[in-house]
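Everything below concerns the one structure shown next.
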There are 2 protein chains.
Amino acid sequence: MGNNALDKKNLSDALARRLPAYYRHVCIMLAEGKQTVTSGELAKRIGNTSAQVRQDFFTCGGVENYHPDTLKNWLSGLLGIKEEHHMVVIGAGNLGRAIISFKDFNNDGFFIDAVFDNNLMFDGMQICGIPILNVSSLDEYLAANKVDIVVITTPAGVAEEILEKSIKGGVKGVWNFAPVDLRSTDKIEVQNVHLSDSLLTLSFRINEKEFWKNER
Amino acid sequence: MGNNALDKKNLSDALARRLPAYYRHVCIMLAEGKQTVTSGELAKRIGNTSAQVRQDFFTCGGVENYHPDTLKNWLSGLLGIKEEHHMVVIGAGNLGRAIISFKDFNNDGFFIDAVFDNNLMFDGMQICGIPILNVSSLDEYLAANKVDIVVITTPAGVAEEILEKSIKGGVKGVWNFAPVDLRSTDKIEVQNVHLSDSLLTLSFRINEKEFWKNER
DNA sequence: ACCAAAATGTGAAAAATGTATCATTTTTGT
DNA sequence: ACAAAAATGATACATTTTTCACATTTTGGT
């Protein structure tokens with residue numbers, strides 16, 4: 001056991017969202033010096049049940065033991081973060097800059113190598129030591145450099161075009177912050193992050209709660 | 001029909017995430033001058049089936065008709081964005097600044113009134129015309145002003161404390177960007193946005209795909 | 001080393017979610 | 001104005017996801 005992870009195809013989105021949380025909490029517990037991690041403790045921190053943690057691990061092929069190092073290592077393998085990932089950011093606006101200066105994921109082997117913008121004023125400048133290039137050179141750059149993930153922080157209108165260029169450039173994944181629903185294909189994986197949608201979901205839950213408060 | 005929305009309690013998370021997307025696309029179609037919206041067209045744009053769109057609308061109580069204005073208005077009611085929402089941002093770092101300058105949600109009636117930080121250097125300064133206050137005055141501010149939503153962009157360590165203050169201050173919702181899993185209670189709604197997790201989910205999907213490519 | 005207590009792996013039941021169906025209503029074309 | 005085509009609302013069905021149950025294994029104390 002613990003070997004044939006990913007044996008089942010197309011693991012559910014819900015599970016794919018829980019895995020990073022497991023990883024995050026295992027890292028925290030490791031940093032806290034915990035000698036062992038139980039499904040119950042993990043569940044409590046994440047806010048679900050121990051049964052679900054075990055079922056998730058089982059679905060993913062099972063893990064040798066529950067020592068934090070083993071778990072972290074196993075989850076790293078699942079999440080594909082045993083090797084470095086190289087990224088470029090498209091769009092040097094506020095969001096792009098925030099992501100560049102957001103160093104949380106460097107620890108997990110994600111590195112941003114370049115930023116692209118269509119504003120000529122930026123040419124030759126840097127953000128946090130990362131060069132800003134003109135977006136007209138993106139194709140060329142992708143052909144010459146290994147880029148695993150493209151981060152889109154452009155306005156909605158050009159997102160699709162960047163996706164096309166990414167596919168042509170052999171990029172494996174797109175982390176999309178533009179407010180359009182880009183779709184994963186067999187050529188490329190897409191993760192859409194819609195901040196406005198997320199705020200509206202919060203608003204919906206607040207509204208739903210108020211509705212019931214006033215109702216009974 | 002179209003009246004008793006939210007009749008069923010605890011609508012599913014999946015649905016709660018789709019509603020903002022429906023709203024977004026209806027707004028786009030309205031802007032495009034479309035005279036009518038069909039469940040099929042909406043489905044195509046969002047990437048699901050027309051049956052699901054109809055089912056979702058049915059679950060939410062049904063809508064009078066499919067004219068874009070009617071739909072937009074109906075969805076606005078569900079999402080609770082018929083009145084203005086006032087927000088404060090905690091943390092004046094890169095992420096905080098990005099959110100403040102991110103004006104997308106102003107159109108939907110969300111306004112940021114103040115920013116709080118614990119760095120005394122910021123005192124008296126402004127970001128995009130919004131005053132930066134010291135976080136020590138947060139309690140006082142929440143007592144004196146109507147704040148619907150608190151946006152947390154602090155490090156993980158203080159997030160829980162901000163949540164407590166928010167509850168005491170009568171805030172209805174927390175939009176949390178700190179890498180901790182804050183939980184909704186009957187006092188307050190929480191929407192966690194974990195950027196690192198989202199990137200790891202993307203990495204997982206890429207890895208899963210590569211695994212299958214190499215396997216057969 | 002033994003027993004008791006706790007935790008895990010796994011298959012099956014239960015619950016939740018999504019899809020298909022179809023009668024009824026609305027729209028479109030002539 | 002009428003018939004044909006298309007879309008909707010609501011129910012029934014199928015699938016997916018979560019929870020439960022329990023035999024087996026591991027841990028911890030005496």
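A, B, ... follow the sequence lines: proteins, then strands. Residue 1 opens every chain. Note that the coordinates shown come from a computational prediction; the quantities given were computed from them, not determined experimentally.
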**Study point:** Euclidean distance, atom CG of residue A/D13 to atom P of C/dG18 [Å, nearest integer]
**Key:** 10 Å
Revision key, fill the gap. Of C/dG18, D/dT18, D/dT8, the nucleotide closest to the side chain of B/Y66 is D/dT8
**Study point:** Under-4.0 Å salt bridge between A/E189 and B/K209
**Key:** yes
Review point. Roughly how many Å is it from CG in A/D56 to C1' in C/dT10, rounded to a whole number?
Key: 14 Å
Practice item. Would you please indicate if the ring centroids of B/F105 and B/F111 are separated by under 6.0 Å? Key: no
Point to revise | Proximity of A/Y22 and A/F57 rings by center, below 6.0 Å | key: yes
Check your understanding: Is atom NZ of A/K44 surrounded by more than 12 heavy atoms (other residues, nucleotides or ligands) closer than 6.0 Å?
Key -> no
Check your understanding: Among the nucleotides C/dG18, D/dT19, D/dT8, which one has an atom lying closest to any side-chain atom of B/T38?
Key -> D/dT8
Review point. Going 5' to 3' along nucleotides 22-30 of chain C, which nucleotides have protein heavy atoms under 4.0 Å from the base (write B), which only from the sugar-phosphate (write S), and which from neither (write -)?
Key: ---------
Review point. In a check of side-chain contact (heavy atoms from CB on, under 4.5 Å) between A/V151 and each of A/V115, A/N176, A/V89, which one passes?
Key: A/V89
Exercise for review: Write down the distance between CZ (B/F58) and C1' (C/dA20), rounded to a whole number of angstrom.
Suggested key: 15 Å
Check your understanding: Distance check: side-chain N/O of A/Q55 vs OP1/OP2 of D/dT18, anything under 4.0 Å?
Key -> no
Check your understanding: Are any of B/S39's side-chain N or O atoms less than 4.0 Å away from OP1 or OP2 of D/dT8?
Key -> yes
Review point. Whole Å only: how far is the CG atom of B/L19 from the C1' atom of C/dT17?
Key: 15 Å
Practice item. Quickly work out the A/Q35 CD to D/dT26 C1' distance and round it to whole Å. Key: 16 Å
Check your understanding: Starting at CG of A/N65 and ending at P of C/dG9, how long is that distance when rounded to a whole Å?
Key -> 10 Å
Revision key, fill the gap. Per nearest nucleotide of DNA chain D, the residue lying toward the 5' end, A/L15 or B/S50, is B/S50
Point to revise | Presence of salt bridge, A/R205 and B/D13, under 4.0 angstrom | key: yes
Revision key, fill the gap. B/L71 atom CG is separated from D/dA7 atom C1', nearest whole Å, by 13 Å
Check your understanding: Using a cut-off of 4.0 Å on non-hydrogen atoms, how would the nucleic acid contact of B/F57 be classed: base, sugar-phosphate, or nothing?
Key -> nothing
Review point. Would you call B/P20 and A/F204 a side-chain contact if the rule is heavy atoms closer than 4.5 Å?
Key: no
